[in-house]
Protein chains: 2
Amino acid sequence: MSTSPATEAPAYPTLPVADVHQVLSALADPIRLEIVRRLSRAGGGPTPCAHLYDGVSKSTASHHFKTLREAGLTERSVEAGQSCQRLRVAEVEQALPGILSAVLRAADELTPPQ
Amino acid sequence: MSTSPATEAPAYPTLPVADVHQVLSALADPIRLEIVRRLSRAGGGPTPCAHLYDGVSKSTASHHFKTLREAGLTERSVEAGQSCQRLRVAEVEQALPGILSAVLRAADELTPPQ
DNA sequence: GAGCGAGTTCGATAGCCGTCAAACTTCGTC
DNA sequence: GACGAAGTTTGACGGCTATCGAACTCGCTC
């Protein structure tokens with residue numbers, strides 16, 4: 001049944017940062033970690049989905065976006081008609097201090113950005 | 001074939017600290033993270049296997065020990081006839097600075113020790 | 001409003017992972 | 001040497017998860 005709100009849709013809810021297990025699971029997947037890296041490099045602003053992944057299908061990427069969102073690592077927004085993801089740096093840092101920055105640093109040492 | 005060294009057995013080889021993906025996967029499992037927490041609380045010394053887990057069978061625990069060892073997080077030794085595990089704090093800190101300490105801190109906030 | 005492009009959802013599938021019991025190994029002890 | 005305790009390995013099983021194509025939805029644009 002289509003509710004189709006006439007005013008505005010909050011789209012997808014932003015969830016609280018999950019516990020350490022769920023966050024580590026989310027970051028442990030190479031594709032998801034790469035998404036997080038690109039979001040981080042984008043400076044914390046909303047980034048269009050299409051810029052965040054390579055080598056997997058759209059449906060797979062969408063699944064990973066959902067996983068990251070459910071872990072509270074990202075949130076979704078819509079900018080000029082296209083779906084964007086944003087890394088919730090401050091919220092994650094507050095909930096799980098030091099983890100995100102340490103993981104991003106380690107990933108950069110493994111495979112430096114370009 | 002049993003080589004049975006007369007001098008001393010290095011038992012199981014200590015592996016290098018694995019990449020960030022494998023380490024995060026190892027730490028993402030609740031039972032393994034609890035093992036790591038107990039090893040950390042033991043002050044970096046070798047700790048008998050039996051003190052490191054509850055609620056799972058010996059074989060499952062042994063499987064988790066192996067996973068941690070393969071990620072380079074722990075190493076095995078034998079003290080007075082019983083098998084012990086040791087958390088490789090310094091090695092992990094050097095390979096992946098900040099990750100282990102941040103994860104342990106987050107775990108302590110989730111469920112404080114006793 | 002017809003068409004299009006970008007994302008998401010839906011099934012379906014294959015592989016991985018956590019779990020256990022049972023068998024085996026290796027100690028130490030009687 | 002026989003027994004027992006502590007760990008490990010093996011084999012099997014169930015559930016979770018990453019993946020894809022196809023169908024669907026939602027905004028734009030013409």
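Values reported hereafter were calculated over all heavy atoms of this structure, with side chains retained and with hydrogens, waters and symmetry mates removed. Residue numbering restarts at 1 for every chain, and letters A, B, ... go by the order of the sequence lines.
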What contact category does A:Ala50 fall into here, base, sugar-phosphate, or nothing, at under 4.0 angstrom with non-hydrogen atoms? sugar-phosphate
Distance-only side-chain donor-acceptor flag, B:Ser59 / B:Ser62, under 3.5 Å: no
Does this structure show an ion pair linking A:Arg38 with A:Glu34, if we count only N-O contacts that are shorter than 4.0 Å? yes
Between D:dT8, C:dT19, C:dG7, which nucleotide has the shortest distance from any of its atoms to the side chain of B:Arg76? D:dT8
Do A:Arg37 and A:Thr111 have side-chain atoms, one donor and one acceptor, less than 3.5 Å apart? yes
Taking CG from B:Asp29 and P from C:dC16, how many angstroms apart are they, rounded to a whole number? 18 Å
Below the 4.0 Å mark, does C:dG18 have OP1 or OP2 next to a side-chain nitrogen or oxygen of B:Arg32? yes
Taking atom C1' of D:dT9 as reference, at what distance in whole Å does atom CZ of B:Phe65 sit? 15 Å
Check the phosphate of D:dA6 against B:Ser83, side-chain N and O only, distance under 4.0 Å to OP1 or OP2. Yes or no? no
Report yes if a side-chain nitrogen or oxygen of B:Ser62 is closer than 4.0 Å to either non-bridging phosphate oxygen (OP1 or OP2) of D:dT8; otherwise report no. yes
Nearest-angstrom distance from the residue atom CD1 of B:Ile35 to C1' of C:dG18: 12 Å
Using a cut-off of 4.0 Å on non-hydrogen atoms, how would the nucleic acid contact of A:Ser59 be classed: base, sugar-phosphate, or nothing? base
Please tell me which of A:Gly81 and A:Ser57 maps to the more 5' nucleotide of DNA chain D, matching each residue to the nucleotide holding its nearest heavy atom. A:Ser57
Regarding the side chain of B:Val56, the nearest nucleotide among C:dC20, D:dT8, C:dG7 is C:dC20
Could you tell me the separation between the CD atom of B:Glu70 and the C1' atom of C:dC17, rounded to a whole number of Å? 13 Å
Take atom NE2 of B:His21 and atom P of C:dC16, then tell me their distance rounded to the nearest Å. 17 Å
When you measure from the side chain of A:Arg32 to the backbone of A:Thr67, do you find a donor-acceptor pair of N or O atoms at a distance under 3.5 Å? no
Nearest to the B:Lys58 side chain among D:dA6, C:dG7, D:dA18, which nucleotide is it? D:dA6
Atom-to-atom span, CD of A:Glu79 to P of D:dG27 - whole angstrom: 15 Å
Tell me whether the side-chain N/O atoms of B:His64 come closer than 4.0 Å to OP1 or OP2 in C:dT19. yes
Rounded distance in Å - OH (B:Tyr53) to P (C:dG18): 17 Å
Over how many whole Å does the gap from A:Gln82 atom CD to D:dG27 atom C1' extend? 11 Å
Can you identify which nucleotide, out of C:dT8, C:dT19, D:dA18, has its nearest atom closest to the B:Ile31 side chain? C:dT19
Any ion pair linking B:Arg86 and B:Glu91 (charged N to carboxylate O, less than 4.0 Å)? yes
